[in-house]
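Worksheet: one structure, shown below.
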Amino acid sequence: MKQAKVLTKSELQRVLAVIATGKHALRNRVAMLLSHYAGLRVGEIASLRWQQLLETDGSIIAVFYLNPADTKSCEARAVHLNPLLIKELNRFKSSLNEHQLGGPIIASQKGSSFSANSLCQLFGRIYAAAGISGASSHSGRRWFITRLAHSGVSPKVIMELAGHKNLGTTQRYIEVNERMKQQAVSLLG
């Protein structure tokens, strides 16, 4: 089975630019960034509720926990948010009313949660509108894992951030191309 495309920096920027011109730009941007910058699966994104991410004072927390029922492994998992994602979540949160903050982070037009399938379809439409073929709802997760691996993060740390139980599973997500191989051998000197 062919794996989802890992976007380049410029492709991700193009996707975000397409999102910015469409309906529900802030919501769709946050959904895409939760995939790319937190490595979440679409089912995990669809299940997220604001109460999981908010401190009692209303600020976004840097580490939150996915409910076991919402993960593939049926085990709770800590999700660490980087400053860019916290900034984007705060920007989105400030556009919502109190009622909306009591519901799902990625809400449908009716205010209910997206299903994983409908969120997959949304991602597919966005990638198609950006002219990117081979991308799917799993592209962000692969991007997250690949970027961490190529930044020198320990495979064990990546495995835990991804919620994998086996290092081999994590390694299958990592994109390798000819340019990366050339850069690697160039380090030898």
Side-chain angles (χ1 to χ4, degrees), residues 4-67 69-71 76-132 135-145 147-148 161-163:
K5 176 181 177 59
V6 176
L7 277 61
T8 64
K9 271 186 170 180
S10 63
E11 287 171 330
L12 180 56
Q13 291 306 315
R14 192 163 76 225
V15 166
L16 296 175
V18 165
I19 289 171
T21 65
K23 273 184 162 182
H24 311 289
L26 288 176
R27 178 200 71 191
N28 294 348
R29 180 179 175 88
V30 164
M32 191 65 68
L33 293 176
L34 283 166
S35 176
H36 282 79
Y37 282 88
L40 298 178
R41 296 173 179 96
V42 287
E44 295 166 344
I45 296 169
S47 72
L48 280 180
R49 302 190 67 75
W50 282 106
Q51 66 192 21
Q52 291 171 265
L53 271 67
L54 298 178
E55 293 279 8
T56 54
D57 66 0
S59 63
I60 304 287
I61 56 179
V63 180
F64 70 92
Y65 289 86
L66 292 171
N67 296 320
D70 299 327
T71 67
R77 179 170 96 242
V79 176
H80 296 257
L81 300 175
N82 74 8
L84 173 106
L85 194 46
I86 290 172
K87 180 181 169 187
E88 293 289 343
L89 284 161
N90 273 316
R91 185 170 152 226
F92 181 40
K93 183 180 81 117
S94 69
S95 73
L96 303 175
N97 63 43
E98 199 65 35
H99 175 73
Q100 291 168 312
L101 292 174
I105 292 176
I106 308 302
S108 69
Q109 288 179 341
K110 297 175 186 172
S112 59
S113 297
F114 268 80
S115 69
N117 186 44
S118 57
L119 196 53
C120 279
Q121 292 172 14
L122 174 64
F123 279 27
R125 287 192 302 273
I126 292 168
Y127 288 132
I132 299 172
S136 75
S137 61
H138 228 52
S139 291
R141 188 163 165 78
R142 287 200 67 221
W143 184 91
F144 172 80
I145 291 169
R147 291 288 299 247
L148 291 175
L161 288 170

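- K93 is linked by a side chain to side chain donor-acceptor pair (under 3.5 Å) to nothing, counting only residues two or more places apart in sequence or in another chain.
- Heavy atoms only, all atoms of each residue included: S139 and Y127 are closest at CB-OH, 3.8 Å.
- With hydrogens and angles ignored, the 3.5 Å screen pairs a side-chain donor or acceptor of R141 with a backbone N or O of A162.
- Applying the side chain to side chain donor-acceptor pair (under 3.5 Å) rule to R77 yields the partners E44; only residues at least two apart in sequence or on another chain are considered.
- Within the 4.5 Å cutoff, the side chain of F64 has heavy atoms near those of the L66 side chain.
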Apply side-chain hydrogen bond (donor to acceptor under 3.5 Å, both in side chains) to the pair N117 and S115, showing each step before the final yes or no. CA-CA 5 Å; N117 186 44; S115 69; 5.2 Å; no
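- You'll find the side chain of L54 reaches within 4.5 Å of the side chain of I60, heavy atoms only.
- The shortest non-hydrogen separation linking R49 to S113 is NH1-OG, 3.8 Å.
- Within the model, atoms CD1 of I126 and OG of S137 stand 11.5 Å from one another, a figure rounded to the nearest 0.5 Å.
- For Q100, the side-chain contact (heavy atoms from CB on, under 4.5 Å) partners are L96, N97, not counting sequence neighbours.
- Applying the side-chain contact (heavy atoms from CB on, under 4.5 Å) criterion to E98, with sequence neighbours excluded, gives no partner residue.
- Residues passing the side chain to side chain donor-acceptor pair (under 3.5 Å) test with H80: none are found, sequence neighbours excluded.
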The test is side-chain contact (heavy atoms from CB on, under 4.5 Å); show your working for I106 and N28 and say whether it passes. CA-CA 8 Å; I106 308 302; N28 294 348; 5.7 Å; no
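- The heavy-atom pair separating V42 from L119 by the smallest distance is O-CD2, 3.5 Å.
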With a cut-off of 3.5 Å and sequence neighbours excluded, list every side-chain donor-acceptor pair involving residues 31-40.
unit_1, atom_1, unit_2, atom_2, d
H36, ND1, M32, O, 3.1

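- S112 pairs by the side chain to side chain donor-acceptor pair (under 3.5 Å) definition with S108, not counting sequence neighbours.
- Minimum heavy-atom separation, G43 to A116: CA-CB, 3.7 Å.
- If you take CD1 on I61 and CG on L81, they are separated by 7.5 Å, rounding to the nearest 0.5 Å.
- Screening residues 6-23 for salt bridge (charged side-chain N to carboxylate O under 4.0 Å, His left out) gives K5-E11 as the qualifying pairs, with residues at least two apart or on separate chains.
- When the side-chain contact (heavy atoms from CB on, under 4.5 Å) test is applied to S47, the partners found at least two apart in sequence or on another chain are D70.
- Contact record, W143 with L12: CZ2-CD2, 3.8 Å, taken as the closest heavy-atom pair.
- Within the 3.5 Å criterion, the main-chain N or O of Y65 finds a donor-acceptor partner in the side chain of Q52.
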Give every donor-acceptor pair under 3.5 Å between a side-chain atom in residues 82-92 and any protein atom, sequence neighbours left out.
unit_1, atom_1, unit_2, atom_2, d
N82, OD1, L84, N, 3.2
N82, OD1, L85, N, 2.8
E88, OE1, R29, NE, 2.9
E88, OE1, R91, NH1, 3.3
E88, OE2, R29, NE, 3.3
E88, OE2, R29, NH2, 3.0
N90, ND2, I86, O, 3.3

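- Remark: V18 pairs with A129, A130 by the side-chain contact (heavy atoms from CB on, under 4.5 Å) rule, at least two apart or across chains.
- You'll find the side chain of V6 stays beyond 4.5 Å of the side chain of F144, heavy atoms only.
- Under the ring-ring contact (aromatic ring centres under 6.0 Å, His included) criterion, no residue pair touches residues 10-32, with sequence neighbours excluded.
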